[in-house]
Amino acid sequence: MRYLITSALPYINGIKHLGNLVGSMLPADVYARFLRQEGEDVLYICATDEHGTPAEIAALEAELDVAEFCTRQYQKQKDIYEQFGLSFDYFGRTSAPENHELTQHFYQQLAEHGFIEEREISQIYSLDDERFLPDRYVTGTCPHCGYEKARGDQCENCTKVLSPTDLIDPKSTISGSTNLEVRSSKHLFLLLDKLSDEVRTWVDAQTHWPKLTTAIANKWLDEGLQSRGITRDLSWGVSVPAEGFEGKVFYVWFDAPIGYVSATKAWGESTGNDWESWWKGEDIHYTQFMAKDNLPFHTIMWPATILGSREPWKMADYIKGFNWLNYYGGKFSTSSKRGVFLDQALDIAPADYWRYMLMASAPESSDSAFTWEQFQNRVNKELADNLGNFVNRILKFTKSKFGLEVPEGGTPGEAEAELETTCKDLVEKLRGHLRQQEFRRATETLNALWTAGNQYIDVRAPWSLFKTNKDEAAVVIRTCINLIRLYAIASAPFIPHAAETLYDALQLTDDERNSTMAAATDLTILAAGRPFAVPAPLFQKLDDDRVAELKAQYGGD
RNA sequence: GGCUCAGUAGCUCAGUGGUAGAGCAGGGGACUCAUAAGCCCUUGGUCACGUGUUCAAAUCACGUCUGAGCCA
């Protein structure tokens, strides 16, 4: 079995926030790292989603050509994800040639099998902007309540749904121009209604999906699928290979999921691997990660595209959907700049702190809250006190009493056997949770594993044994140093940078680093006489003053 | 307006028919190797409210209230 993993494609228009990270890329990365460690064949693919009006608008604001804008933003996002330790096998772009080619291919397949229809639709055209405007890019006075900044899709004041032609004194959000007119043009529609039964059959067969995923899929199916436009009058995007559609492109929702396939193709071409077998092989288990707003696209629209293509592309075996991570009661929001963005996060604390904290409070079963106090609490109590301090107390004690080598003498006894049993049980639990992608439970189990070491050392009290029975103390220390290796390996999917620091401190060989966590529960592998170093404390605590400062700076209350 | 989800300990959240749970916070204790960390013990709940189904309800049904979100 090979494991294909994708996380929802981050949109190109700006740096993402913690809410984006926790719901897609981070859990996918933890899962990918875990499976690789288990010796599985893994391919983890992601890409930036680059087409659509918001990208064009953002480029205008930045006074850049849209292609240039996207290239810069792509590089920025890619750098940040690397700093967060996201281990993509390939991080592509939907603007890449492979995606143009495959999008046109999917379209042609759909057209050939009768799932595409041409229709005439009316849209607002801005003469000064020289472009069609999506409904929400037109503002004006609401005919119902008189609110002057009502959007063309809905009035935010009275919540009535509008169409842009309802607005009094409509103008372009982009330029403020009032020089608007209604123009009709031809567009292509994907006949989702004709694919509805096939999609439902597929959804019904997915008995192991999380409740949230199934609920959203069924809701869409029960309401009845409508055909959806897949083209737009824009220049930035994948051109439409059909007569009379010159100058039009595919709508972003159509070409974005194809980015999973096309980025895999780009990976294959750049590494000389057989990319197609990952999408058409029989031995593939495919998992998708995303936040709940993306579930309709991945449970309905994208599967319909694949089914309608009449080609054997791999469909998701498991779709892990996440709820929202809220920031003090409201949503994180890119457009209203609310919450903590990834570049800011890295200025505040190292990546591992965020990785751990976010996975420990991942919004798996319902929306969950981010607060600075909770961040402080998890970092201080769990990372610094439970794990970091354990490493520090062992290595410092060993250095001062025995020197910088694993001490010799004595033989493991009953307490060591008991500890090993506890570790084996907890590691099996942890592996189970990770296999099931239960990330909060996984971090709880990881904490229990760290606690087991603190319990062991407190019961054995090598600081007392050292005075009466040096050999016994040496046994405890050897066991604890092996425990540190187990901790590094078991924690590595969550906190890879800290794990690396521990590998280096223990001066592990490549083989000793690349062990499975199950094999690392043997607490006698690192034998007497091995050298080690004492690293600086693994995690720095956040004090109350710092938290108050962050709350003030980021508006948490 | 329709729909979905949520309401469980001071806080954050687990828990889908069988004696209410975890972490943190609070209280007490023994220890001292360590980033005053760790370990042991412990206080704390009318499971939003009401009615019903059941031998048995946090859990199922209906209704109400509150909050969040989605859709038209």
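Naming convention: chains lettered A, B, ... in sequence-line order (proteins, then strands); numbering from 1 in each chain.
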**Message:** Tell me every residue that passes side chain to side chain contact (heavy atoms under 4.5 Å, CB included) with A:Gln540, counting only those two or more places apart in sequence or in another chain.
**Reply:** A:Tyr353, A:Pro537
**Prompt:** Which whole number of Å gives the distance between the P atom of B:A57 and that of B:U19?
**Reply:** 12 Å
**Request:** Would you please name every residue forming a ring-ring contact (aromatic ring centres under 6.0 Å, His included) with A:Tyr137, sequence neighbours left out?
**Result:** none
**Prompt:** A:Ser361 near the nucleic acid: base, sugar-phosphate alone, or nothing, with a heavy-atom cut-off under 4.0 Å?
**Reply:** nothing
Every protein N/O lying under 3.5 Å from an N/O of nucleotides 42-44 of chain B:
none

**Prompt:** Any idea how A:Phe397 and A:Phe466 line up, ring-wise: parallel (<30°), tilted (30 to 60°), or perpendicular (>60°)?
**Reply:** perpendicular
**Message:** Rounding to an integer number of Å, can you tell me how far A:Gln226 CD sits from B:C71 C1'?
**Reply:** 12 Å
**Message:** Parallel, tilted or perpendicular, judged at 30° and 60°: which one describes the rings of A:Phe375 and A:Phe370?
**Reply:** tilted
**Fill in**
Contact check, residues 472-502 of chain A vs RNA chain B, heavy-atom distance under 4.0 Å, returns none
**Message:** Expected output is a numbered-order residue list: members of residues 403-442 of chain A with a heavy atom under 4.0 Å from any atom of RNA chain B. What is it?
**Reply:** A:Arg440, A:Arg441
**Request:** Determine the interatomic distance between P on B:U12 and the same-named atom on B:U51; round to the nearest Å.
**Result:** 29 Å
**Item:** Nearest listed nucleotide, side chain of A:Trp324, among B:C33, B:C70, B:G69
**Value:** B:G69
**Request:** Determine the Euclidean distance between corresponding P atoms of B:G15 and B:C39; express it in Å to zero decimal places.
**Result:** 26 Å
**Message:** Taking any heavy-atom pair under 4.0 Å as a contact, classify A:Thr451: base, sugar-phosphate, or nothing.
**Reply:** sugar-phosphate
**Message:** Rounded to the nearest 0.5 Å, what separates atom CZ in A:Phe289 from atom CD in A:Gln437?
**Reply:** 4.0 Å
**Message:** Is it the case that the base of B:A34 and the side chain of A:Asn389 share a donor-acceptor contact (distance under 3.5 Å, atom types as modelled)?
**Reply:** yes
**Message:** Check the orientation of A:Tyr554 and A:Trp372. Use parallel for under 30°, tilted for 30 to 60°, and perpendicular for over 60°.
**Reply:** tilted
**Request:** Could you tell me whether the side chain of A:Thr213 and the main chain of A:Ile319 form a donor-acceptor pair under 3.5 Å?
**Result:** yes
**Asked** Rounding to the closest angstrom, what is the interatomic distance between B:G17 and B:A36 at atom P?
**Response** 47 Å
**Protein-nucleotide distance (A:Asp367, atom CG; B:C70, atom P), rounded to Å** = 11 Å
**Message:** If you take any heavy atom closer than 4.0 Å to RNA chain B, which residues from residues 535-542 of chain A end up in contact?
**Reply:** A:Pro537, A:Leu538, A:Phe539, A:Lys541
**Asked** Taking the side chain of A:Asp385 as its heavy atoms from C-beta onward, which of B:A34, B:U12, B:A37 lies nearest to it?
**Response** B:A37
**Lys/Arg N to Asp/Glu carboxylate O, A:Arg431 vs A:Glu428, below 4.0 Å** = yes
**Message:** Can you build the contact string for nucleotides 21-31 of chain B? Use B for base contact, S for sugar-phosphate-only contact, and - for no protein heavy atom under 4.0 Å.
**Reply:** --SSS-----S
**Message:** Less than 4.0 angstrom from a charged side-chain N to a carboxylate O is my criterion; do A:Glu117 and A:Lys194 meet it?
**Reply:** no
**Item:** B:C11 OP1/OP2 closer than 4.0 Å to side-chain N/O of A:Gln374
**Value:** no
**Request:** Would you please name every residue forming a side chain to side chain donor-acceptor pair (under 3.5 Å) with A:Arg355, sequence neighbours left out?
**Result:** A:Asp29
**Message:** Closer than 4.0 angstrom, basic N to acidic O: yes or no for A:Asp222 and A:Arg200?
**Reply:** yes
**Prompt:** Whole-Å distance between B:C5 P and A:Ile216 CD1?
**Reply:** 10 Å
**Item:** Residue list, ring-ring contact (aromatic ring centres under 6.0 Å, His included) with A:Tyr356, at least two apart or on another chain
**Value:** A:Trp450
**Complete:** Applying ring-ring contact (aromatic ring centres under 6.0 Å, His included) to A:Phe390 and not counting sequence neighbours gives A:Tyr487
**Asked** Within a radius of less than 6.0 Å around CD of A:Glu405, do more than 12 heavy atoms belonging to other residues, nucleotides or ligands occur?
**Response** yes
**Message:** Using the ring-ring contact (aromatic ring centres under 6.0 Å, His included) criterion, which residues pair with A:Trp220? Sequence neighbours excluded.
**Reply:** none
**Request:** Find the distance A:Ile457:CD1 to B:C40:P and express it as a whole number of Å.
**Result:** 14 Å
**Item:** RNA chain B stem ranges, 3 or more consecutive Watson-Crick or G-U pairs under 3.5 angstrom
**Value:** B:1-7 with B:65-71, B:10-13 with B:21-24, B:26-29 with B:39-42, B:48-52 with B:60-64
**Item:** Note: A:Glu472-A:Arg460 ion pair, threshold 4.0 Å (strictly below)
**Value:** yes
**Fill in**
Taken to the nearest whole Å, CD1/A:Ile300 to P/B:C70 is 19 Å
**Asked** Taking the side chain of A:Gln455 as heavy atoms from C-beta outward, which of B:C3, B:G38, B:C40 is closest to it?
**Response** B:C40
